[in-house]
> 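I'd like to ask you about the structure that follows.
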Amino acid sequence: MRARRMFGRLAVVLALLLSAQMAVNGELFRRLNSRASELNAAGQTLTLPLHTGERVMQRRRSAEQISLNNSQTAGEPSAYLVAVNVGTPPQEMFLLVDTGSSNIALSALVGHPPIYNVSKSTTARVTGGTVGVTYVESSWSGPRIADYVQIVEAPDTRVFVEFGAITSANNFFLPGTVYDGILGMAFLSLAAPSNNPIVPYFDVLTQQIPSLANVFSLQLCTQDRDRVQADGDGLMTIGGLSPTASSGPVVYTPLQAQTYYAVQVTAMAVGTQRLPLSCGQYNSPGFSIVDSGTTDLILPGAVYDALLAAVPPNVRTALAGGDSVCIGNEAASYLNSFFPTLVFTLAGTDPNTEFDLPVRPSHYFRFLEYNNFQKCYITTLARGCNPGSGVTLGVAMMTEYQVVFDRANSRVGFAVSTCANLGSTQPIAIKGPYPRSNLTSCATVSTPCTPTKPSPFTTLFYVAVACGGVALLVIAFLLIWCWRTRSPSAPRNTVRATSPARALLSDDELNSLHHGYGPTTDLALDMPGELDDYDYDADNSRL
């Protein structure tokens, strides 16, 4: 009886303890669910490394994908690549991250290893038709393929997506480049082909992973080969921005269109001197763009000319790309002290406000080559003469900032990058937003860079000058002919003296200078200026 009572009391105690534990577990479970809901509401972010061409070459050499004697060089240091696995089993490729286009395309060109091989993927599907994209100075085309694409460092990003398999290209894969394709990050409205566009990779990714917000950010760390190893190449954050990639607040500018990442440049300054231009001259037809696929800072003709006019003559040639700048040590400090900082002013998200984004010379000059143990740099400033093109804010500007492409809220944000001020004695900061009286003219005034047509009177003047020139040439020819017919001809085996030194030589000594040619053989001289066999290959900074 006594034992029965003891067991009864123990059962009651155990029941009370179990009830209490269940209550605690229930509260804990409720809190965990609440916390999970908060995380889902806040959104998931994925921070991924970006790679420059030099690091890709090192990675491939270590993986024995290429030989050490491969003809490719270290690649363009201002191209920022993301590693992806394509197909089943995965084929690793490096794609250029391009906010100036919307299509994803992979090399299927024989002779450009590695290439995407459709026959080696069990999940590949030929969807039918072809796709092609034409850029400013290059193009590609090929069949439409669908397969799994996953960013190497983020297994959760494996999605089934359609892309172009590049079988034909013009100036797209330049000598020395190591990217295997392109990852367009702009909007669907820009995707090719226009009659049946391929849905961009980022759109598919955010649709299939709802926890990822429709926003991504880029931190592009360096254009200088010497800093690549020490500082890393940069970051791409999907679903938000990286808190460690920038310092200070993010300042936003509204998107003007959802094709490119179209923004509004309201003014520009060289140092503290604003250029004497209207707001609309920076934006044509109504906006400028932020483009990670362009190395340069491309300016409309009127803006480029005003910038060069505002700088001293001793730096004008270098800014215009006429000379490279070769420096020993402390290259960034020298560039920043000798050349002016450029300031781009953008419209703020609040009406009638704007803010300033400085870009230092150490960022708008890019490394070119080593020459006699010195590092040589060349400007990235370029004059854009395509009708309808505004300012293109390329990699040269983006290396100063973490740039946030907030598609969900139709805006682009800028915060000073944590790698921008490394080793610099002249750190930068964003100024503003501050008030501005009127911004509406930016979207209505355009100044496309097209040749000016001469008036009919000017045309008649040039025609008259040309006719007069031809008449003068005819008269000169007749005078020379008459003079030569009146003077005795020189023998074929003599060379007329054109200097006192040559006049001291006899005819036999002159003939001996023919080096084996007979005395009756004419000696042909190749004059300077005949450059038929010399090809000049300009450096193309945009795909």
Side-chain angles (χ1 to χ4, degrees), residues 50 52-53 75-82 95-103 105 133-140 169-174 176-177 179 181-187 190 216-223 233-234 236 253 255-257 259-265 268 282-284 287-301 303-304 307 319 321 342 344 346 357 359 363-368 377-401 403 405 412 414 417 449 538-543:
L50 294 176
T52 59
E76 174 59 55
S78 56
Y80 291 84
L81 317 177
V82 63
L95 307 184
L96 187 149
V97 178
D98 182 21
T99 61
S101 66
S102 299
N103 285 82
V133 175
T134 298
Y135 307 96
V136 175
E137 295 179 338
S138 63
S139 62
W140 60 261
N170 179 32
N171 291 332
F172 187 75
F173 296 110
L174 297 174
T177 56
Y179 52 81
I182 191 166
L183 179 62
M185 298 290 286
F187 293 92
L190 194 63
F216 68 94
S217 61
L218 296 177
Q219 182 201 39
L220 312 181
C221 273
T222 180
Q223 292 180 319
D233 303 335
M236 178 169 68
T253 185
L255 285 177
Q256 305 298 310
T259 50
Y260 300 97
Y261 291 97
V263 299
Q264 201 170 82
V265 176
M268 186 176 172
Y282 297 96
N283 309 278
S284 173
F287 57 79
S288 300
I289 65 172
V290 182
D291 183 6
S292 65
T294 297
T295 300
D296 295 347
L297 292 170
I298 302 177
L299 308 175
V303 180
Y304 183 83
L307 184 152
L319 287 185
L342 304 180
F344 293 88
L346 273 62
L357 295 175
V359 181
H363 290 254
Y364 69 75
F365 275 85
R366 69 176 178 88
F367 177 82
L368 179 64
Y377 295 80
I378 192 168
T379 179
T380 61
L381 298 177
R383 192 179 198 271
C385 281
N386 297 314
S389 63
V391 174
T392 298
L393 300 171
V395 169
M397 182 279 295
M398 296 178 67
T399 53
E400 294 274 25
Y401 304 97
V403 184
F405 298 87
V412 177
F414 302 86
S417 173
C449 181
D539 180 31
N540 295 319
S541 62
R542 176 69 173 101
L543 293 173

> Measure the shortest side-chain to side-chain distance between Val290 and Tyr401 over non-hydrogen atoms and say whether it is less than 4.5 angstrom.
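Val290 does not reach Tyr401 side chain to side chain.
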
> Can you check side chain to side chain contact (heavy atoms under 4.5 Å, CB included) on Phe173 and Trp140, steps first, answer last?
CA-CA 9 Å; Phe173 296 110; Trp140 60 261; over 6 Å; no

> Just by distance, do the side chain of Tyr80 and the backbone of Gly234 share a donor-acceptor pair under 3.5 Å?
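A pair under 3.5 Å: no.
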
> Knowing that exactly one of Val395, Thr399, Leu297 qualifies, which makes a side chain to side chain contact (heavy atoms under 4.5 Å, CB included) with Tyr364?
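For Tyr364, the side chain to side chain contact (heavy atoms under 4.5 Å, CB included) test succeeds with only one of Val395, Thr399, Leu297, which is Leu297.
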
> Going through the checks in order, is the side chain to side chain contact (heavy atoms under 4.5 Å, CB included) test met by Thr380 and Phe365?
CA-CA 6 Å; Thr380 61; Phe365 275 85; over 6 Å; no

> Are Val403 and Val412 close enough that some pair of their side-chain heavy atoms sits under 4.5 Å apart?
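They are in contact (side-chain heavy atoms under 4.5 Å apart), so the answer is yes.
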
> OH of Tyr260: more than 12 outside heavy atoms within 6.0 angstrom?
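At most 12 heavy atoms, drawn from other residues, nucleotides or ligands, come within 6.0 Å of this atom.
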
> Quick one: CD1 on Ile378 to CG on Leu319, what's the gap to the nearest 0.5 Å?
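It is 11.5 Å, given to the nearest 0.5 Å.
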
> With sequence neighbours excluded, tell me which residues meet side chain to side chain donor-acceptor pair (under 3.5 Å) with Ser217.
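Scan of Ser217 (side chain to side chain donor-acceptor pair (under 3.5 Å), adjacent residues dropped) gives Gln402.
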
> Checking Thr99 now: which residues fulfil side chain to side chain contact (heavy atoms under 4.5 Å, CB included) with it, not counting sequence neighbours?
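Met185, Phe216, Leu218, Tyr261, Asp291, Ser292, Phe405.
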
> Give a yes or no on whether the backbone of Gly184 and the side-chain of Asn103 come within a donor-acceptor separation of less than 3.5 Å.
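No.
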
> According to ring-ring contact (aromatic ring centres under 6.0 Å, His included), who are the partners of Tyr304, at least two apart in sequence or on a separate chain?
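Expected list: none.
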
> Of all heavy-atom pairs between Gly390 and Ser288, which one has the smallest distance, and what is that distance?
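Minimum heavy-atom contact is C-OG, 4.0 Å.
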
> Do Leu393 and Val359 make a side-chain contact, defined as non-hydrogen atoms from C-beta onward lying under 4.5 Å apart?
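Leu393 does not reach Val359 side chain to side chain.
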
> Taking side chain to side chain donor-acceptor pair (under 3.5 Å) as the definition, give me every residue that meets it alongside Ser417, ordered by chain and number, with sequence neighbours left out.
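Result, side chain to side chain donor-acceptor pair (under 3.5 Å) vs Ser417: Gln219.
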
> Could you check whether any side-chain heavy atom of Leu95 comes within less than 4.5 Å of a side-chain heavy atom of Tyr179, counting everything from C-beta outward?
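Heavy-atom side-chain distance check fails, nothing below 4.5 Å.
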
> Are the side chains of Met268 and Val391 in contact, using a 4.5 Å heavy-atom criterion?
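SC-SC contact between Val391 and Met268 ruled out.
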
> Just do the side chain to side chain contact (heavy atoms under 4.5 Å, CB included) check on Val82 and Leu50 with the steps written out, would you?
CA-CA 5 Å; Val82 63; Leu50 294 176; 4.3 Å; yes

> With sequence neighbours excluded, tell me which residues meet side chain to side chain donor-acceptor pair (under 3.5 Å) with Thr379.
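Not a single residue meets the side chain to side chain donor-acceptor pair (under 3.5 Å) criterion with Thr379.
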
> Kindly indicate whether the side chain of Val263, heavy atoms from C-beta on, has any atom under 4.5 Å from the side chain of Phe414.
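When only atoms from C-beta onward are counted, Phe414 and Val263 do not touch, as no gap falls below 4.5 Å.
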
> Within the distance-only criterion (no hydrogens, no angle test), does the side chain of Asn283 pair as donor or acceptor with the backbone N or O of Gln264 below 3.5 angstrom?
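It does not hold such a pair.
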
> Do Leu342 and Leu381 come within less than 4.5 Å of each other through their side chains, counting heavy atoms only?
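When only atoms from C-beta onward are counted, Leu381 and Leu342 do touch, with a gap below 4.5 Å.
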
> Taking atom OG1 of Thr294 and atom CE of Met398, what is their separation to the nearest 0.5 Å?
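With rounding to 0.5 Å, OG1 (Thr294) is 10.0 Å from CE (Met398).
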
